[in-house]
2 protein chains.
Amino acid sequence: MVAEAKKARKESAQGVTNGKAPPPESPVRKPRADSLRNRERLLVAARQVFAAGGTGASLEAVARDAGVGIGTLYRHFPTREALFQAVYAREVDELVALAEALAEEVEPVSAIRRWLHGMVRMVATKRGMLAALEPALETSQPLFSASSARMQQAAGGLLQRGVELGAIRDDVSAEDVMRAVLGICYIRQDDGWQARTIRLLDIFVDGLVVLR
Amino acid sequence: MVAEAKKARKESAQGVTNGKAPPPESPVRKPRADSLRNRERLLVAARQVFAAGGTGASLEAVARDAGVGIGTLYRHFPTREALFQAVYAREVDELVALAEALAEEVEPVSAIRRWLHGMVRMVATKRGMLAALEPALETSQPLFSASSARMQQAAGGLLQRGVELGAIRDDVSAEDVMRAVLGICYIRQDDGWQARTIRLLDIFVDGLVVLR
DNA sequence: TTAATATACGGAGGTCGCCTCCGTTTAGCA
DNA sequence: TGCTAAACGGAGGCGACCTCCGTATATTAA
(Lines give C-alpha, C1' and ligand atoms only; values in the text may rest on other atoms or scores of the structure.)
Protein backbone atom coordinates (compact mmCIF):
# COMPACT_ATOMS: atom_id res chain seq x y z
CA MET A 1 0.00 0.00 0.00
CA VAL A 2 2.99 2.19 -0.21
CA ALA A 3 3.96 1.86 -3.78
CA GLU A 4 1.77 4.39 -5.49
CA ALA A 5 4.47 6.43 -7.17
CA LYS A 6 6.16 3.32 -8.45
CA LYS A 7 3.00 2.01 -9.99
CA ALA A 8 2.42 5.19 -11.93
CA ARG A 9 5.84 5.03 -13.43
CA LYS A 10 5.30 1.53 -14.64
CA GLU A 11 1.82 1.86 -15.96
CA SER A 12 2.92 4.32 -18.56
CA ALA A 13 5.29 1.79 -20.00
CA GLN A 14 2.52 -0.62 -20.80
CA GLY A 15 0.74 -0.15 -24.05
CA VAL A 16 3.58 1.44 -25.87
CA THR A 17 5.14 -1.67 -27.25
CA ASN A 18 3.94 -0.86 -30.71
CA GLY A 19 5.51 2.42 -31.71
CA LYS A 20 4.91 1.51 -35.30
CA ALA A 21 2.24 -0.79 -36.57
CA PRO A 22 3.75 -4.25 -36.29
CA PRO A 23 3.56 -6.53 -39.30
CA PRO A 24 -0.22 -6.69 -39.36
CA GLU A 25 0.04 -10.41 -39.68
CA SER A 26 2.97 -11.17 -37.45
CA PRO A 27 4.73 -14.41 -38.38
CA VAL A 28 3.94 -15.37 -34.81
CA ARG A 29 6.75 -17.48 -33.67
CA LYS A 30 5.79 -20.19 -31.24
CA PRO A 31 6.58 -19.03 -27.74
CA ARG A 32 9.74 -20.54 -26.38
CA ALA A 33 9.37 -23.62 -24.28
CA ASP A 34 11.67 -22.39 -21.54
CA SER A 35 9.65 -19.23 -21.24
CA LEU A 36 6.46 -21.16 -20.66
CA ARG A 37 8.15 -23.49 -18.25
CA ASN A 38 9.65 -20.68 -16.22
CA ARG A 39 6.38 -18.83 -16.06
CA GLU A 40 4.74 -21.90 -14.64
CA ARG A 41 7.49 -22.44 -12.12
CA LEU A 42 7.19 -18.87 -10.99
CA LEU A 43 3.48 -19.19 -10.43
CA VAL A 44 3.93 -22.34 -8.38
CA ALA A 45 6.67 -20.82 -6.29
CA ALA A 46 4.76 -17.59 -5.82
CA ARG A 47 1.64 -19.33 -4.66
CA GLN A 48 3.64 -21.12 -2.04
CA VAL A 49 5.77 -18.20 -0.95
CA PHE A 50 2.77 -15.90 -0.62
CA ALA A 51 0.89 -18.53 1.32
CA ALA A 52 3.74 -18.91 3.77
CA GLY A 53 5.10 -15.40 4.01
CA GLY A 54 2.12 -13.25 3.28
CA THR A 55 1.51 -10.64 0.68
CA GLY A 56 4.67 -8.73 1.31
CA ALA A 57 6.99 -11.66 0.82
CA SER A 58 10.15 -11.09 -1.11
CA LEU A 59 9.94 -11.47 -4.86
CA GLU A 60 13.54 -12.52 -4.86
CA ALA A 61 12.53 -15.43 -2.68
CA VAL A 62 9.93 -16.34 -5.27
CA ALA A 63 12.51 -16.30 -8.03
CA ARG A 64 14.91 -18.32 -5.92
CA ASP A 65 12.31 -20.93 -5.11
CA ALA A 66 11.39 -21.15 -8.74
CA GLY A 67 15.02 -21.71 -9.63
CA VAL A 68 15.01 -18.71 -11.88
CA GLY A 69 16.80 -15.38 -12.07
CA ILE A 70 15.15 -12.31 -10.65
CA GLY A 71 15.25 -10.75 -14.09
CA THR A 72 13.13 -13.55 -15.43
CA LEU A 73 10.54 -12.95 -12.77
CA TYR A 74 10.29 -9.29 -13.66
CA ARG A 75 10.10 -10.04 -17.35
CA HIS A 76 7.12 -12.27 -16.84
CA PHE A 77 5.45 -10.18 -14.16
CA PRO A 78 6.48 -6.56 -14.30
CA THR A 79 4.77 -5.69 -11.03
CA ARG A 80 3.99 -7.45 -7.84
CA GLU A 81 0.33 -6.97 -8.64
CA ALA A 82 0.68 -8.64 -12.00
CA LEU A 83 2.03 -11.66 -10.20
CA PHE A 84 -0.78 -11.63 -7.65
CA GLN A 85 -3.30 -11.55 -10.38
CA ALA A 86 -1.76 -14.38 -12.31
CA VAL A 87 -1.47 -16.47 -9.16
CA TYR A 88 -5.06 -15.94 -8.11
CA ALA A 89 -6.72 -15.91 -11.50
CA ARG A 90 -8.14 -19.36 -10.87
CA GLU A 91 -9.77 -18.27 -7.65
CA VAL A 92 -11.27 -15.24 -9.30
CA ASP A 93 -12.65 -17.46 -12.03
CA GLU A 94 -14.33 -19.62 -9.45
CA LEU A 95 -15.96 -16.68 -7.77
CA VAL A 96 -17.18 -15.23 -11.01
CA ALA A 97 -18.67 -18.57 -11.92
CA LEU A 98 -20.29 -18.79 -8.51
CA ALA A 99 -21.90 -15.42 -9.00
CA GLU A 100 -23.31 -16.48 -12.32
CA ALA A 101 -24.69 -19.69 -10.93
CA LEU A 102 -26.27 -17.96 -7.95
CA ALA A 103 -27.84 -15.31 -10.12
CA GLU A 104 -29.85 -17.96 -11.89
CA GLU A 105 -30.80 -20.14 -9.02
CA VAL A 106 -31.42 -18.08 -5.97
CA GLU A 107 -33.45 -15.18 -4.70
CA PRO A 108 -31.29 -12.07 -5.10
CA VAL A 109 -30.51 -11.16 -1.52
CA SER A 110 -29.52 -14.69 -0.58
CA ALA A 111 -27.52 -14.84 -3.77
CA ILE A 112 -25.50 -11.87 -2.62
CA ARG A 113 -25.06 -13.32 0.81
CA ARG A 114 -23.98 -16.65 -0.46
CA TRP A 115 -21.58 -15.11 -2.89
CA LEU A 116 -19.90 -13.11 -0.17
CA HIS A 117 -19.70 -16.17 2.02
CA GLY A 118 -17.98 -17.96 -0.80
CA MET A 119 -15.57 -15.13 -1.09
CA VAL A 120 -14.75 -15.24 2.59
CA ARG A 121 -14.21 -18.96 2.45
CA MET A 122 -11.79 -18.49 -0.36
CA VAL A 123 -9.95 -15.59 1.20
CA ALA A 124 -9.58 -17.58 4.39
CA THR A 125 -7.11 -19.86 2.70
CA LYS A 126 -5.85 -17.69 -0.12
CA ARG A 127 -5.05 -14.48 1.58
CA GLY A 128 -3.18 -13.15 -1.41
CA MET A 129 -6.44 -12.90 -3.28
CA LEU A 130 -7.26 -9.69 -1.53
CA ALA A 131 -3.98 -8.31 -2.65
CA ALA A 132 -4.84 -9.28 -6.19
CA LEU A 133 -8.13 -7.44 -5.97
CA GLU A 134 -7.25 -4.47 -3.88
CA PRO A 135 -4.76 -2.47 -5.91
CA ALA A 136 -7.28 -1.58 -8.55
CA LEU A 137 -9.49 -0.14 -5.86
CA GLU A 138 -6.62 1.74 -4.38
CA THR A 139 -5.59 3.80 -7.32
CA SER A 140 -7.88 6.35 -8.79
CA GLN A 141 -6.84 5.36 -12.25
CA PRO A 142 -9.42 4.27 -14.74
CA LEU A 143 -7.14 1.36 -15.58
CA PHE A 144 -8.66 -1.52 -13.77
CA SER A 145 -6.94 -4.75 -13.22
CA ALA A 146 -8.60 -7.56 -15.07
CA SER A 147 -9.34 -9.46 -11.88
CA SER A 148 -11.01 -6.62 -10.07
CA ALA A 149 -12.96 -5.66 -13.11
CA ARG A 150 -14.37 -9.14 -13.37
CA MET A 151 -15.14 -9.37 -9.70
CA GLN A 152 -16.79 -6.02 -9.78
CA GLN A 153 -18.83 -7.03 -12.75
CA ALA A 154 -19.91 -10.18 -10.98
CA ALA A 155 -20.93 -8.17 -7.94
CA GLY A 156 -22.66 -5.69 -10.19
CA GLY A 157 -24.73 -8.42 -11.79
CA LEU A 158 -25.99 -9.73 -8.48
CA LEU A 159 -26.68 -6.25 -7.23
CA GLN A 160 -28.43 -5.15 -10.37
CA ARG A 161 -30.77 -8.07 -10.21
CA GLY A 162 -31.63 -7.23 -6.64
CA VAL A 163 -32.32 -3.65 -7.58
CA GLU A 164 -34.57 -4.62 -10.45
CA LEU A 165 -36.59 -6.86 -8.21
CA GLY A 166 -36.89 -4.07 -5.71
CA ALA A 167 -34.99 -5.94 -3.03
CA ILE A 168 -31.81 -3.92 -2.98
CA ARG A 169 -31.35 -0.19 -2.67
CA ASP A 170 -30.35 1.48 -5.88
CA ASP A 171 -28.14 4.24 -4.61
CA VAL A 172 -24.92 2.32 -4.38
CA SER A 173 -22.52 1.17 -7.04
CA ALA A 174 -20.88 -2.19 -7.44
CA GLU A 175 -17.57 -0.48 -7.06
CA ASP A 176 -18.47 0.91 -3.69
CA VAL A 177 -19.87 -2.36 -2.50
CA MET A 178 -16.73 -4.17 -3.51
CA ARG A 179 -14.71 -1.60 -1.71
CA ALA A 180 -16.63 -2.07 1.49
CA VAL A 181 -16.50 -5.82 1.21
CA LEU A 182 -12.79 -5.95 0.55
CA GLY A 183 -12.24 -3.54 3.39
CA ILE A 184 -14.20 -5.67 5.78
CA CYS A 185 -12.25 -8.72 4.69
CA TYR A 186 -8.99 -6.96 4.79
CA ILE A 187 -7.91 -6.59 8.34
CA ARG A 188 -6.94 -9.36 10.69
CA GLN A 189 -6.82 -12.99 9.82
CA ASP A 190 -6.85 -15.16 12.88
CA ASP A 191 -8.92 -17.65 14.77
CA GLY A 192 -12.56 -16.99 14.26
CA TRP A 193 -11.90 -14.58 11.44
CA GLN A 194 -14.09 -16.40 9.00
CA ALA A 195 -17.18 -16.54 11.17
CA ARG A 196 -16.88 -12.96 12.32
CA THR A 197 -16.25 -11.64 8.87
CA ILE A 198 -19.29 -13.42 7.56
CA ARG A 199 -21.36 -11.86 10.29
CA LEU A 200 -20.10 -8.39 9.47
CA LEU A 201 -20.82 -8.88 5.80
CA ASP A 202 -24.29 -10.12 6.61
CA ILE A 203 -24.87 -6.96 8.56
CA PHE A 204 -23.71 -4.91 5.66
CA VAL A 205 -26.06 -6.77 3.36
CA ASP A 206 -28.87 -6.12 5.82
CA GLY A 207 -28.13 -2.48 5.25
CA LEU A 208 -28.36 -2.96 1.52
CA VAL A 209 -31.79 -4.47 1.67
CA VAL A 210 -34.73 -2.24 0.86
CA LEU A 211 -37.91 -2.01 2.91
CA ARG A 212 -37.37 -1.64 6.56
CA MET B 1 3.75 -10.40 12.52
CA VAL B 2 7.44 -10.02 12.04
CA ALA B 3 8.15 -7.20 14.42
CA GLU B 4 7.45 -9.22 17.51
CA ALA B 5 10.79 -10.92 17.86
CA LYS B 6 12.57 -7.63 17.47
CA LYS B 7 10.57 -5.97 20.18
CA ALA B 8 11.37 -8.76 22.58
CA ARG B 9 15.04 -8.38 21.93
CA LYS B 10 14.83 -4.71 22.67
CA GLU B 11 13.08 -5.15 25.95
CA SER B 12 15.71 -7.43 27.42
CA ALA B 13 18.61 -5.11 26.66
CA GLN B 14 17.41 -2.61 29.20
CA GLY B 15 18.71 -2.97 32.70
CA VAL B 16 22.19 -4.40 32.26
CA THR B 17 24.24 -1.22 32.48
CA ASN B 18 24.87 -1.51 36.19
CA GLY B 19 27.33 -4.13 37.36
CA LYS B 20 26.45 -3.40 40.98
CA ALA B 21 22.99 -2.97 42.43
CA PRO B 22 21.68 0.55 41.76
CA PRO B 23 19.88 2.57 44.41
CA PRO B 24 16.61 0.60 44.57
CA GLU B 25 14.68 3.85 44.70
CA SER B 26 15.83 5.71 41.63
CA PRO B 27 16.22 9.45 42.34
CA VAL B 28 14.23 10.13 39.15
CA ARG B 29 16.29 12.58 37.25
CA LYS B 30 14.46 15.25 35.32
CA PRO B 31 14.23 14.34 31.64
CA ARG B 32 16.77 16.10 29.48
CA ALA B 33 15.66 19.20 27.68
CA ASP B 34 17.18 18.20 24.35
CA SER B 35 15.33 14.92 24.50
CA LEU B 36 12.00 16.66 24.90
CA ARG B 37 12.81 19.12 22.18
CA ASN B 38 13.82 16.44 19.73
CA ARG B 39 10.77 14.40 20.44
CA GLU B 40 8.64 17.39 19.63
CA ARG B 41 10.53 18.11 16.45
CA LEU B 42 10.12 14.52 15.35
CA LEU B 43 6.38 14.66 15.87
CA VAL B 44 6.08 17.84 13.85
CA ALA B 45 8.20 16.47 11.03
CA ALA B 46 6.40 13.15 11.06
CA ARG B 47 3.00 14.76 10.86
CA GLN B 48 4.07 16.67 7.82
CA VAL B 49 5.94 13.86 6.10
CA PHE B 50 3.07 11.42 6.60
CA ALA B 51 0.60 13.96 5.34
CA ALA B 52 2.61 14.50 2.20
CA GLY B 53 4.00 11.08 1.49
CA GLY B 54 1.46 8.77 3.00
CA THR B 55 1.74 6.13 5.62
CA GLY B 56 4.66 4.38 4.07
CA ALA B 57 6.89 7.41 3.93
CA SER B 58 10.49 6.97 4.85
CA LEU B 59 11.37 7.30 8.51
CA GLU B 60 14.76 8.55 7.49
CA ALA B 61 13.01 11.43 5.77
CA VAL B 62 11.23 12.18 9.03
CA ALA B 63 14.49 12.26 10.92
CA ARG B 64 16.09 14.41 8.26
CA ASP B 65 13.22 16.90 8.29
CA ALA B 66 13.37 17.04 12.04
CA GLY B 67 17.07 17.82 11.86
CA VAL B 68 17.84 14.80 13.97
CA GLY B 69 19.79 11.56 13.56
CA ILE B 70 17.98 8.41 12.61
CA GLY B 71 19.14 6.84 15.84
CA THR B 72 17.33 9.52 17.78
CA LEU B 73 14.13 8.79 15.95
CA TYR B 74 14.34 5.12 16.79
CA ARG B 75 15.18 5.83 20.40
CA HIS B 76 12.05 7.90 20.82
CA PHE B 77 9.79 5.74 18.69
CA PRO B 78 11.01 2.18 18.46
CA THR B 79 8.47 1.21 15.82
CA ARG B 80 6.69 2.94 13.03
CA GLU B 81 3.44 2.30 14.83
CA ALA B 82 4.66 3.97 17.97
CA LEU B 83 5.31 7.06 15.92
CA PHE B 84 1.88 6.92 14.27
CA GLN B 85 0.23 6.71 17.60
CA ALA B 86 2.12 9.60 19.06
CA VAL B 87 1.43 11.71 15.99
CA TYR B 88 -2.28 11.04 15.96
CA ALA B 89 -2.95 10.94 19.66
CA ARG B 90 -4.60 14.35 19.48
CA GLU B 91 -7.01 13.23 16.80
CA VAL B 92 -7.91 10.14 18.76
CA ASP B 93 -8.58 12.31 21.77
CA GLU B 94 -10.95 14.41 19.74
CA LEU B 95 -12.88 11.44 18.52
CA VAL B 96 -13.14 9.95 21.96
CA ALA B 97 -14.46 13.24 23.25
CA LEU B 98 -16.92 13.41 20.40
CA ALA B 99 -18.23 9.97 21.28
CA GLU B 100 -18.75 11.01 24.87
CA ALA B 101 -20.55 14.15 23.90
CA LEU B 102 -22.80 12.38 21.45
CA ALA B 103 -23.66 9.68 23.93
CA GLU B 104 -25.24 12.26 26.19
CA GLU B 105 -26.98 14.40 23.68
CA VAL B 106 -28.32 12.34 20.89
CA GLU B 107 -30.50 9.36 20.19
CA PRO B 108 -28.23 6.35 19.97
CA VAL B 109 -28.40 5.44 16.31
CA SER B 110 -27.80 9.00 15.16
CA ALA B 111 -25.04 9.22 17.71
CA ILE B 112 -23.30 6.33 16.06
CA ARG B 113 -23.83 7.79 12.63
CA ARG B 114 -22.56 11.15 13.60
CA TRP B 115 -19.56 9.69 15.30
CA LEU B 116 -18.61 7.74 12.22
CA HIS B 117 -19.08 10.79 10.06
CA GLY B 118 -16.73 12.66 12.34
CA MET B 119 -14.24 9.90 11.96
CA VAL B 120 -14.44 10.03 8.20
CA ARG B 121 -14.00 13.76 8.22
CA MET B 122 -10.90 13.38 10.29
CA VAL B 123 -9.45 10.55 8.27
CA ALA B 124 -10.02 12.53 5.12
CA THR B 125 -7.27 14.91 6.10
CA LYS B 126 -5.24 12.79 8.49
CA ARG B 127 -4.83 9.61 6.60
CA GLY B 128 -2.19 8.35 8.97
CA MET B 129 -4.81 7.97 11.65
CA LEU B 130 -5.94 4.73 10.16
CA ALA B 131 -2.43 3.47 10.33
CA ALA B 132 -2.32 4.40 13.99
CA LEU B 133 -5.48 2.45 14.66
CA GLU B 134 -5.10 -0.51 12.41
CA PRO B 135 -2.07 -2.41 13.65
CA ALA B 136 -3.69 -3.27 16.92
CA LEU B 137 -6.52 -4.86 15.04
CA GLU B 138 -4.14 -6.72 12.83
CA THR B 139 -2.19 -8.64 15.38
CA SER B 140 -3.85 -11.24 17.50
CA GLN B 141 -1.94 -10.14 20.54
CA PRO B 142 -3.77 -9.16 23.68
CA LEU B 143 -1.50 -6.13 23.79
CA PHE B 144 -3.61 -3.38 22.39
CA SER B 145 -2.28 -0.10 21.33
CA ALA B 146 -3.53 2.65 23.55
CA SER B 147 -5.15 4.47 20.66
CA SER B 148 -7.12 1.56 19.36
CA ALA B 149 -8.17 0.54 22.80
CA ARG B 150 -9.59 3.97 23.45
CA MET B 151 -11.33 4.17 20.12
CA GLN B 152 -12.77 0.76 20.61
CA GLN B 153 -13.99 1.71 24.01
CA ALA B 154 -15.62 4.81 22.62
CA ALA B 155 -17.34 2.78 19.95
CA GLY B 156 -18.33 0.25 22.56
CA GLY B 157 -20.00 2.91 24.66
CA LEU B 158 -22.13 4.17 21.82
CA LEU B 159 -23.02 0.68 20.78
CA GLN B 160 -23.84 -0.48 24.26
CA ARG B 161 -26.23 2.36 24.73
CA GLY B 162 -27.98 1.49 21.51
CA VAL B 163 -28.27 -2.12 22.56
CA GLU B 164 -29.71 -1.21 25.94
CA LEU B 165 -32.32 0.95 24.33
CA GLY B 166 -33.19 -1.85 21.97
CA ALA B 167 -32.13 0.07 18.93
CA ILE B 168 -29.00 -1.84 18.01
CA ARG B 169 -28.52 -5.55 17.58
CA ASP B 170 -26.67 -7.18 20.39
CA ASP B 171 -24.79 -9.86 18.56
CA VAL B 172 -21.80 -7.84 17.51
CA SER B 173 -18.81 -6.59 19.45
CA ALA B 174 -17.24 -3.18 19.42
CA GLU B 175 -14.08 -4.78 18.17
CA ASP B 176 -15.81 -6.22 15.15
CA VAL B 177 -17.56 -3.00 14.39
CA MET B 178 -14.33 -1.09 14.55
CA ARG B 179 -12.79 -3.59 12.26
CA ALA B 180 -15.51 -3.19 9.68
CA VAL B 181 -15.44 0.57 9.95
CA LEU B 182 -11.69 0.81 9.59
CA GLY B 183 -11.84 -1.58 6.69
CA ILE B 184 -14.44 0.48 4.92
CA CYS B 185 -12.38 3.59 5.48
CA TYR B 186 -9.19 1.94 4.52
CA ILE B 187 -9.08 1.60 0.81
CA ARG B 188 -8.86 4.38 -1.68
CA GLN B 189 -8.64 8.03 -0.88
CA ASP B 190 -9.58 10.18 -3.80
CA ASP B 191 -12.15 12.60 -5.06
CA GLY B 192 -15.49 11.80 -3.63
CA TRP B 193 -14.03 9.44 -1.10
CA GLN B 194 -15.55 11.20 1.84
CA ALA B 195 -19.10 11.21 0.57
CA ARG B 196 -18.99 7.63 -0.64
CA THR B 197 -17.42 6.36 2.52
CA ILE B 198 -20.07 8.03 4.59
CA ARG B 199 -22.74 6.40 2.48
CA LEU B 200 -21.18 2.97 2.94
CA LEU B 201 -20.92 3.46 6.66
CA ASP B 202 -24.52 4.56 6.81
CA ILE B 203 -25.50 1.39 5.06
CA PHE B 204 -23.54 -0.61 7.55
CA VAL B 205 -25.25 1.19 10.39
CA ASP B 206 -28.59 0.44 8.76
CA GLY B 207 -27.59 -3.18 9.09
CA LEU B 208 -26.85 -2.70 12.75
CA VAL B 209 -30.24 -1.28 13.51
CA VAL B 210 -32.80 -3.60 15.04
CA LEU B 211 -36.37 -3.92 13.88
CA ARG B 212 -36.83 -4.20 10.21
C1' DT C 1 31.57 26.58 39.48
C1' DT C 2 33.01 22.37 38.52
C1' DA C 3 33.32 17.47 38.17
C1' DA C 4 30.94 13.19 37.65
C1' DT C 5 27.79 10.53 35.27
C1' DA C 6 23.49 9.25 33.48
C1' DT C 7 21.37 10.20 29.37
C1' DA C 8 20.86 11.24 24.76
C1' DC C 9 22.82 12.09 20.26
C1' DG C 10 24.13 10.87 15.47
C1' DG C 11 25.37 8.50 11.69
C1' DA C 12 28.23 4.81 9.76
C1' DG C 13 27.39 0.49 8.18
C1' DG C 14 25.28 -4.14 7.67
C1' DT C 15 21.20 -6.17 5.69
C1' DC C 16 17.58 -6.65 2.64
C1' DG C 17 14.43 -5.95 -1.10
C1' DC C 18 13.42 -3.48 -5.36
C1' DC C 19 14.26 -3.08 -10.14
C1' DT C 20 17.18 -2.26 -14.40
C1' DC C 21 20.44 -3.25 -17.64
C1' DC C 22 23.03 -5.85 -20.65
C1' DG C 23 26.24 -9.60 -21.87
C1' DT C 24 25.31 -14.49 -22.56
C1' DT C 25 22.58 -18.45 -23.76
C1' DT C 26 19.17 -20.99 -26.20
C1' DA C 27 15.02 -22.39 -28.73
C1' DG C 28 12.71 -22.06 -33.00
C1' DC C 29 13.02 -21.78 -37.74
C1' DA C 30 14.77 -22.28 -42.52
C1' DT D 1 23.39 -26.70 -39.10
C1' DG D 2 23.60 -22.10 -38.74
C1' DC D 3 21.03 -17.56 -37.87
C1' DT D 4 18.64 -14.70 -35.03
C1' DA D 5 14.96 -13.26 -32.15
C1' DA D 6 13.78 -14.25 -27.66
C1' DA D 7 14.69 -15.29 -23.13
C1' DC D 8 17.84 -15.84 -19.39
C1' DG D 9 20.24 -14.43 -15.14
C1' DG D 10 22.46 -11.91 -11.90
C1' DA D 11 25.49 -8.00 -10.89
C1' DG D 12 24.89 -3.68 -9.21
C1' DG D 13 22.80 0.79 -7.95
C1' DC D 14 19.47 2.50 -4.92
C1' DG D 15 16.90 3.40 -0.97
C1' DA D 16 14.97 1.96 3.41
C1' DC D 17 15.35 -0.40 7.78
C1' DC D 18 17.51 -0.78 12.13
C1' DT D 19 21.56 -1.44 15.36
C1' DC D 20 25.55 -0.26 17.60
C1' DC D 21 28.69 2.44 19.92
C1' DG D 22 31.87 6.36 20.29
C1' DT D 23 30.91 11.13 21.33
C1' DA D 24 28.52 15.00 23.36
C1' DT D 25 25.78 17.21 26.83
C1' DA D 26 22.27 18.17 30.47
C1' DT D 27 21.58 17.44 35.17
C1' DT D 28 22.97 16.80 39.69
C1' DA D 29 25.89 16.81 43.61
C1' DA D 30 29.71 18.84 45.81
Side-chain angles (χ1 to χ4, degrees), chain A residues 2-13 17 22-23 26-42 45-46 49-50 53-83, chain B residues 2-20 22-23 26-42 45-46 49-50 53-83:
Chain A
V2 188
E4 287 136 39
K6 294 178 205 166
K7 246 178 262 171
R9 227 186 311 140
K10 236 166 234 179
E11 228 77 354
S12 62
T17 37
S26 48
V28 205
R29 218 186 223 234
K30 175 165 59 169
R32 285 176 53 156
D34 54 350
S35 174
L36 263 39
R37 179 169 28 84
N38 283 337
R39 189 188 156 88
E40 208 48 45
R41 281 190 190 170
L42 281 166
V49 169
F50 291 151
T55 289
S58 154
L59 296 188
E60 306 203 309
V62 172
R64 214 178 310 125
D65 277 30
V68 141
I70 185 66
T72 297
L73 183 151
Y74 277 99
R75 198 171 324 101
H76 283 286
F77 307 103
T79 66
R80 179 180 286 269
E81 281 73 32
L83 183 51
Chain B
V2 190
E4 285 140 37
K6 296 177 204 165
K7 249 176 259 173
R9 229 186 310 143
K10 238 169 238 175
E11 232 75 355
S12 65
Q14 291 296 2
V16 199
T17 39
N18 39 3
K20 54 190 68 181
S26 53
V28 203
R29 215 184 226 238
K30 173 164 63 170
R32 284 174 55 156
D34 53 349
S35 175
L36 263 41
R37 180 169 29 83
N38 283 337
R39 189 189 155 88
E40 208 47 46
R41 281 189 190 171
L42 280 166
V49 168
F50 291 151
T55 289
S58 155
L59 296 187
E60 306 203 307
V62 172
R64 213 178 310 125
D65 277 30
V68 140
I70 184 65
T72 298
L73 183 149
Y74 277 99
R75 197 169 326 99
H76 283 286
F77 307 103
T79 67
R80 179 179 286 270
E81 281 72 32
L83 183 51

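All values reported here derive from a predicted model rather than from experimental measurement. So you know, we letter chains A, B, ... as the sequences are listed, proteins then strands, and number each from 1.
At whole-Å resolution of the value, CG in A:Leu36 and P in C:dT26 are 18 Å apart. Atom CZ of A:Arg37 and atom P of C:dT26 are 11 Å apart (whole Å). When rounded to the nearest whole Å, the span between OH of B:Tyr74 and C1' of C:dA8 equals 18 Å. With rounding to whole Å, A:Leu83 atom CG is found 12 Å from C:dC19 atom P. If you measure from atom CG of B:Leu73 to atom C1' of D:dA16, you get 13 Å, rounded to the nearest angstrom.
Contact check of residues 63-70 of chain A against DNA chain D (heavy atom, cut-off under 4.0 Å) returns A:Val68, A:Gly69, A:Ile70.
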Kindly list each side-chain donor-acceptor pair under 3.5 angstrom involving residues 55-73 of chain A, sequence neighbours excluded, with atom names and distances?
from    : atom 1 : to      : atom 2 : distance (Å)
A:Ser58 : OG     : A:Glu60 : N      : 3.0
A:Ser58 : OG     : A:Ala61 : N      : 3.0

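Pairs of residues two or more places apart, or lying in two chains, that qualify as salt bridge (charged side-chain N to carboxylate O under 4.0 Å, His left out) and include a residue from residues 33-42 of chain A are A:Arg32-A:Asp34.
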List the protein contact pattern of nucleotides 2-7 of chain D with one symbol per nucleotide (5' to 3'): B for base contact, S for sugar-phosphate-only contact, - for none; contact means a heavy-atom distance under 4.0 Å. --B-BS
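Judged by closest nucleotide on DNA chain D, B:Arg80 is the one of B:Arg80 and B:Lys30 placed further toward the 5' end. Comparing B:Glu60 and A:Ala61 by the nucleotide of DNA chain C whose heavy atom lies nearest to each, the residue mapping closer to the 5' end is B:Glu60.
Counting heavy atoms from C-beta outward, A:Ser35 and A:Arg75 have side chains that stay 4.5 Å or more apart. Looking only at side-chain heavy atoms (C-beta outward), A:Leu83 and A:Phe50 come within less than 4.5 Å of each other.
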